[in-house]
Student: 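Got a structure for you, written out below as structure tokens; questions coming shortly.
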Amino acid sequence: MKAILQQLREHVGAALHSALGEQAAGADPEISRAKDAKHGDYQCNAAMGLAKRLGAKPREVAQKIVEALPAAALEMLETPEIAGPGFINFKIKQVFLEASIGAVAAADDGHLGIDRVAARDAQTVVVDYSSPNVAKEMHVGHLRSTIIGDTIARVMSFQGHRVIRQNHLGDWGTQFGKIILALWHLCMGKRQGETVADFNRLADELSRIAKATIDAKRPLLQKRRDIHQENLASDPTGSEFHSYLEALQPSFEILLPAYRYVNALEEAAEGTDLTVTDAQSGETYPLSGVSRYVAAMLQGKAGRDNTQELTAWKKAKDATLRECNAIYRRLGVLLTDDDICGESFYEPLLPGVVEELKSALSASDGQSGEIRAVCRDDKGAVCVFLEKPDGSPVFKGAQGDPLPMLIQKSDGASLYATTDLAATLYRTHHATTHPYALRTKALAETLAKPPFNNGLGADRVIYFVGFPQKLHFEMLFATVGALGWLRKGARTIRMEHVSFGSVLGEDRKMLRTRAGDTVKLKDLLEEAVQRAEALVRASEADAEKRRGFTEDEIRSIAETVGIGSVKYADLCQNRNTDYVFSWDKMLALQGNTAPYLLYAYARIRSIYRKGAESISPSVDTRVTLNHPAERALAMKVLQLGEIVEVVSDNLLPNFLCDYLYDLAGRFMTFYESCPVLQADGAAEKASRLALCDVTARALRIGLGLLGISTLDRM
Ligand code: ARG
């Protein structure tokens with residue numbers, strides 16, 4: 001079924017055309033939901049703008065539009081009213097609403113009768129979300145990206161778009177030298193009898209002395225260097241390391257302390273003259289830069305066999321994925337290993353991308369877009385400068401100097417931005433629907449082969465990444481715009497950075513544990529479930545509230561409510577703002593919370609179950625909307641499809657939350673004023689039960705789009 005809003009848009013669109021002819025061509029019918037129910041259900045605001053354009057009186061234009069409405073519009077509408085400066089107010093006829101909600105009640109499609117987009121309008125949408133980093137715990141910032149991104153992915157699939165989830169895992173770059181080195185220390189430390197706890201302690205000690213004078217920190221650093229050198233010499237070919245890796249099942253418990261150690265050691269060694277010599281190659285490098293050397297090795301740049309480094313890197317990646325997957329499963333998000341497309345995936349494209357930018361962006365003339373991009377060397381590094389048409393820089397540093405996007409360092413290393421350029425190419429390019437005229441032949445060839453297989457051909461790419469990366473994405477979008485990569489026939493590929501604010505503690509500072517550490521997602525979710533369980537148990541201990549749940553039921557309710565509360569508390573905020581994380585608020589049974597909605601759902605289901613038993617299947621289930629509360633409820637149920645459309649456009653899940661909260665509220669009003677189980681006669685009872693049923697279905701679908709499952713009993 002087509003959404004009412006959509007039907008009105010089409011009718012008014014037709015009226016605009018027949019009343020005003022070509023003058024109104026392409027004009028937006030400007031239909032919106034009425035702010036105040038007193039004025040009707042919807043309103044049209046198009047007359048004012050059109051009147052200005054035509055030099056006519058707005059109310060007269062409005063009158064013409066009303067007179068030109070097609071017959072089908074009049075079947076759904078009471079006589080439209082013109083108000084104020086030229087608004088047209090629409091009230092939907094009761095019979096039309098009854099027929100519509102009746103059709104929804106009868107539609108058993110799991111989709112509440114909501115239309116999917118027509119095949120020709122279905123878009124390929126790439127959603128880049130979660131995207132944590134290897135060997136790092138996911139933090140609350142990744143939580144926001146994960147659940148907001150997941151909601152949008154679900155919303156767009158529900159509409160019928162082709163959604164491609166991409167988990168842009170941070171799995172490449174200089175920090176990988178540190179990870180590999182951490183594993184090496186774990187392996188070789190065994191010779192000195194060093195344990196994970198020792199590395200933790202050493203990391204603490206080294207961070208403490210990092211800022212001390214060189215003389216003060218030398219003894220400990222010298223000792224660590226000597227052990228390092230000794231270990232290198234004792235296993236020059238790395239065969240011991242290799243067999244250690246083969247047998248290793250690394251977990252965060254062992255990886256993170258060792259990783260901290262490497263970080264702390266290198267930081268403390270900064271500025272000292274301590275060096276280490278590679279036993280095999282004889283090369284000497286600073287103690288503060290060992291990991292950089294290892295990273296170069298991983299990337300095969302040292303011209304030496306890098307199997308060991310690759311194995312270590314893969315182990316660390318596996319450990320991270322195990323950790324992430326456990327969180328994804330608990331959170332009930334859709335991401336799986338199939339969606340992992342990390343930074344390392346793009347490695348083969350990077351040299352070609354740099355070449356392509358150098359050749360396509362060698363000068364700003366000849367570029368058509370608003371913002372021009374020029375790629376040039378800057379002290380040995382390759383940079384993209386973004387300029388306005390008058391030549392002034394789009395992005396400026398603190399001193400007002402042009403701020404370029406760095407795509408290759410002077411040592412030849414590529415960067416986060418280079419990978420994102422390659423990712424954009426892979427995601428938007430398509431051999432048949434959107435082929436790029438790439439200048440770099442090798443790049444085109446690599447793109448055509450596995451694993452790139454000619455690209456994904458996206459019409460829209462959405463990045464769910466925190467606010468601090470705003471500049472990065474602005475530069476990225478400007479550069480690919482200037483390259484012409486976003487022009488797809490007559491359309492432009494939509495690139496969006498969906499950012500979000502921070503999660504704050506009750507003290508309005510960044511959320512931290514009591515001990516002052518960053519909050520680990522795993523612990524946060526566990527606490528949510530425990531708190532929810534305590535609440536269920538407390539209510540079970542109360543003779544008046546007791547429902548007699550089994551142990552299994554208690555645990556499953558606690559899981560759904562606990563996780564649902566954390567997700568909902570996040571999603572119901574406008575994502576652009578920071579919000580204060582409050583257990584009491586998110587777990588409350590009153591207010592715009594998951595427990596309130598889950599409870600409303602369970603309650604409606606229970607009313608329905610009771611009522612349905614006594615309804616004979618032969619009763620005509622026509623839905624009647626004689627009471628204003630019935631009408632208001634039905635109207636809201638019918639608007640779910642409109643809200644889905646709004647959210648897929650503005651990428652603000654809080655609109656869906658507000659809708660669900662309002663829907664549950666309207667149900668409560670309806671239930672207070674319209675007896676369901678004690679209704680007057682079988683027909684009224686059946687009609688009201690049908691309203692209960694469609695409301696429950698709308699709630700379940702809506703919560704499902706937020707990735708929150710429902711409970712039949714609570
Ligand atoms: N791994 C990055 C981080 O944790 C986020 C990556 C976002 N996606 C992207 N295509 N840049 O900050």
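For ligands, and for the atoms within them, numbers begin at 1 and follow the listed sequence. Heavy atoms only: backbone and side chains are in, while hydrogens, waters and symmetry mates are out.
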Student: Can you tell me if Tyr346 and Thr418 form a side-chain donor-acceptor pair at under 3.5 Å?
Tutor: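 Note: Tyr346 and Thr418 side chains miss the donor-acceptor criterion.
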Student: So which pairs with a foot in residues 474-484 pass side chain to side chain donor-acceptor pair (under 3.5 Å), sequence neighbours left out?
Tutor: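 Qualifying pairs, neighbours excluded: Lys470-Glu474.
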Student: Test salt bridge (charged side-chain N to carboxylate O under 4.0 Å, His left out) on Glu355 and Arg439 and set out the steps.
Tutor: CA-CA 9 Å; Glu355 266 329 291; Arg439 296 162 181 240; over 6 Å; no
Student: Show me the donor-acceptor pairs within less than 3.5 Å that the side chains of residues 484-492 make with the rest of the protein, sequence neighbours left out.
Tutor:
from	atom 1	to	atom 2	distance (Å)
Lys488	NZ	Gly457	O	3.2
Lys488	NZ	Asp459	OD1	3.0

Student: Find all protein N or O atoms under 3.5 angstrom from an N or O atom of ligand 1 and list the pairs with distances, or write 'none'.
Tutor:
from	atom 1	to	atom 2	distance (Å)
ligand 1	1 (N)	Ser131	O	2.9
ligand 1	1 (N)	Asn133	OD1	2.8
ligand 1	4 (O)	Ser131	O	3.4
ligand 1	4 (O)	Asn133	ND2	3.1
ligand 1	4 (O)	His142	NE2	3.0
ligand 1	8 (N)	Asp128	OD1	3.2
ligand 1	8 (N)	Asp128	OD2	3.4
ligand 1	10 (N)	Asp128	OD2	2.7
ligand 1	10 (N)	Asp420	OD1	2.8
ligand 1	11 (N)	Tyr416	OH	2.7
ligand 1	11 (N)	Asp420	OD2	2.8
ligand 1	12 (O)	Gln469	NE2	2.9

Student: Only pairs at least two apart or in different chains count here, so list each side chain to side chain donor-acceptor pair (under 3.5 Å) that has a residue in residues 256-265.
Tutor: Lys178-Asn263, Asn200-Arg260, Asp204-Arg260, Arg224-Tyr261
Student: Have a look at Arg330 and tell me which of Leu521, Ile563, Asn325 forms a side chain to side chain contact (heavy atoms under 4.5 Å, CB included) with it.
Tutor: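 By the side chain to side chain contact (heavy atoms under 4.5 Å, CB included) criterion, Arg330 pairs with just one of Leu521, Ile563, Asn325: Ile563.
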